[in-house]
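Chain identifiers are assigned alphabetically (A, B, ...) following the order of the sequence lines, protein sequences preceding nucleic acid strands; residue numbering begins at 1 within each chain.
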Amino acid sequence: MPELPEVETVRAGLARRVLGRTVADVEVVHPRSVRRQAGGAQELRGRLRGRMFGAAVRRGKYLWLTVSEPGEEDPPAEAMLAHLGMSGQLLVQEPPGARRRVGELEDLMHPAPVMAVDDHGPVDLTAARSPAVTAESPATTAHLRARITFDDGGQLWFVDQRTFGHLMVVETAPTDDGAPAGRGSDAAVLPAPVAHIARDLLDPALDRPTLVRRTGRRATEINRALLDQSVVSGVGNISADEALWRARLHGARRTELLRPPRLRELYDAATEVMRDALAAGGTSFDALYVDVDGAAGYFARSLNAYGRAGLPCRRCGTPIRREQFMNRGSFSCPRCQRRPPRR
DNA sequence: AAAGGGACCTGGCTGC
DNA sequence: TGCAGCCAGGTCCCTT
């Protein structure tokens, strides 16, 4: 389930592998994957063919590649926006026998270390990285939703089992504050559909005092505020549970009753969760999430709350509980994270 | 206006 | 054994 760390891993991969490449053709296999594109598959294709990918930028769980005419001097005014939803992947396929690209060589020579933390402390899992799920595997080809072919024969595949994700080409507009739009960007422009998405916890331009103030002004449960992408972006169900566990807060605590120092602690905890997961290459539990080369992340091994119902809390040994929240599971320690009194 | 709940989607798992 | 039903969750949209 891609959350911010997984999307950042994908963004970094795209930055190494597809920037400067020109689109020769686009094939949309499943119309639902382009449902948000006005004009549908035809429009997407028309707006990508013959054009070149520029910067790879991410804000929260949204990711985009700027799009421009080859040789164009002006800053790109359009972008291909992608959201991976629950199960989306962006996979780069090089043509058989092609010379390895610089970014690919770097990946092979200096594979990113994969670290995790289990019951016995930090573990280096780099050597244990699973064999890449190749794009030719039946499961991947069965869920291929769109294929972008470059003029050099390489391809970018959008694979998405549950089709919650989508692709679209949209106009960009200046950001509110004029600061870079997000991770990976020098440009202060945002794709229109991302305008309501707040900065995320790994964004250097995030204004934390304002975030804390705004959160305290809301009248809702802290769990809801964490998951609300217009407050702060990038937090999903997994990282929300993990951040609340680290901060020893129950998700049903009311935002308006939490004091600023407590909110600061919570956001600091959430930031640590993001950084740890990113260092591990993603939080996925299964083969659904993979980076641009198809390698799964290992952060799942260091989860403290999420998915651990009945298992002992790593702090106090009390069995982790599972509660129903917003039609989904929420995991917490009954002792470290006391449920607030009913109002 | 802000908050809350349902819909969307597919594959894996559970229980009868 | 087979199948129905439940569960997973990010985001949008509708209702209150």
What nucleic acid atoms does [X] come within less than 4.0 Å of, heavy atoms only: base, sugar-phosphate, or nothing?
{"X": "A:Arg224", "result": "base"}
{"X": "A:Gly329", "result": "sugar-phosphate"}
{"X": "A:Arg35", "result": "nothing"}

Nucleotide N/O of nucleotides 11-14 of chain C paired with protein N/O under 3.5 Å:
| residue | atom | partner | partner atom | Å |
| --- | --- | --- | --- | --- |
| C:dT11 | OP1 | A:His83 | NE2 | 2.2 |
| C:dT11 | OP2 | A:Lys61 | NZ | 3.3 |
| C:dC12 | OP1 | A:Arg36 | NH1 | 3.2 |
| C:dC12 | OP1 | A:Tyr62 | OH | 2.7 |
| C:dC12 | OP2 | A:His196 | NE2 | 3.3 |

Tell me every residue that passes salt bridge (Lys or Arg N to Asp or Glu O under 4.0 Å) with [X], counting only those two or more places apart in sequence or in another chain.
{"X": "A:Arg147", "value": "A:Glu27"}
{"X": "A:Arg208", "value": "A:Asp268"}
{"X": "A:Glu323", "value": "A:Arg321, A:Arg339"}
{"X": "A:Asp177", "value": "A:Arg199"}

Original post:
Can you pull the contact range of chain A along DNA chain B, 5' to 3', using atoms under 4.0 angstrom from its heavy atoms?
Top reply: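 Using the under 4.0 Å cut-off, the span is B:dA3 to B:dG11.
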
Subject >> Results of side chain to side chain contact (heavy atoms under 4.5 Å, CB included) for A:Ala195 - residues two or more places apart only >> reply: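 For A:Ala195, no residue satisfies side chain to side chain contact (heavy atoms under 4.5 Å, CB included) once neighbours in sequence are set aside.
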
Original post:
In chain order, what residues pass the side-chain hydrogen bond (donor to acceptor under 3.5 Å, both in side chains) check against A:Arg322, with sequence neighbours excluded?
Top reply: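 Testing A:Arg322 for side-chain hydrogen bond (donor to acceptor under 3.5 Å, both in side chains), a comparison that skips the adjacent residues, returns A:Gln324.
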
Subject >> Residues forming a side-chain hydrogen bond (donor to acceptor under 3.5 Å, both in side chains) with A:Arg213, sequence neighbours excluded >> reply: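 Expected list: A:Thr210.
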
Would you mind reading off the distance between [X] atom [atom1] and [N] atom [atom2], rounded to a whole angstrom?
{"X": "A:Arg32", "N": "C:dG10", "atom1": "CZ", "atom2": "C1'", "value": "11 Å"}
{"X": "A:Ile238", "N": "C:dG10", "atom1": "CD1", "atom2": "C1'", "value": "11 Å"}
{"X": "A:Gln324", "N": "C:dC7", "atom1": "CD", "atom2": "P", "value": "7 Å"}
{"X": "A:Leu84", "N": "C:dG10", "atom1": "CG", "atom2": "P", "value": "12 Å"}
{"X": "A:Gln161", "N": "C:dC7", "atom1": "CD", "atom2": "C1'", "value": "13 Å"}

Original post:
What residues form a ring-ring contact (aromatic ring centres under 6.0 Å, His included) with A:Phe331, not counting sequence neighbours?
Top reply: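 By the ring-ring contact (aromatic ring centres under 6.0 Å, His included) rule, A:Phe331 matches A:Tyr306.
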
Original post:
Who else is in the cluster with A:Tyr62 when I, L, V, M, F, W and Y are joined by side-chain contacts under 4.5 Å?
Top reply: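 A:Val57, A:Trp64, A:Leu81, A:Met168, A:Val170, A:Leu190, A:Val194, A:Ile197, listed by chain and number.
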
**OP:** With axes from five pairs an end, tell me the bend angle of the helix from B:dA2-C:dT16 to B:dC16-C:dG2, nearest 10°.
**Re:**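 Taking five pairs per end, the axes differ by 50°.
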
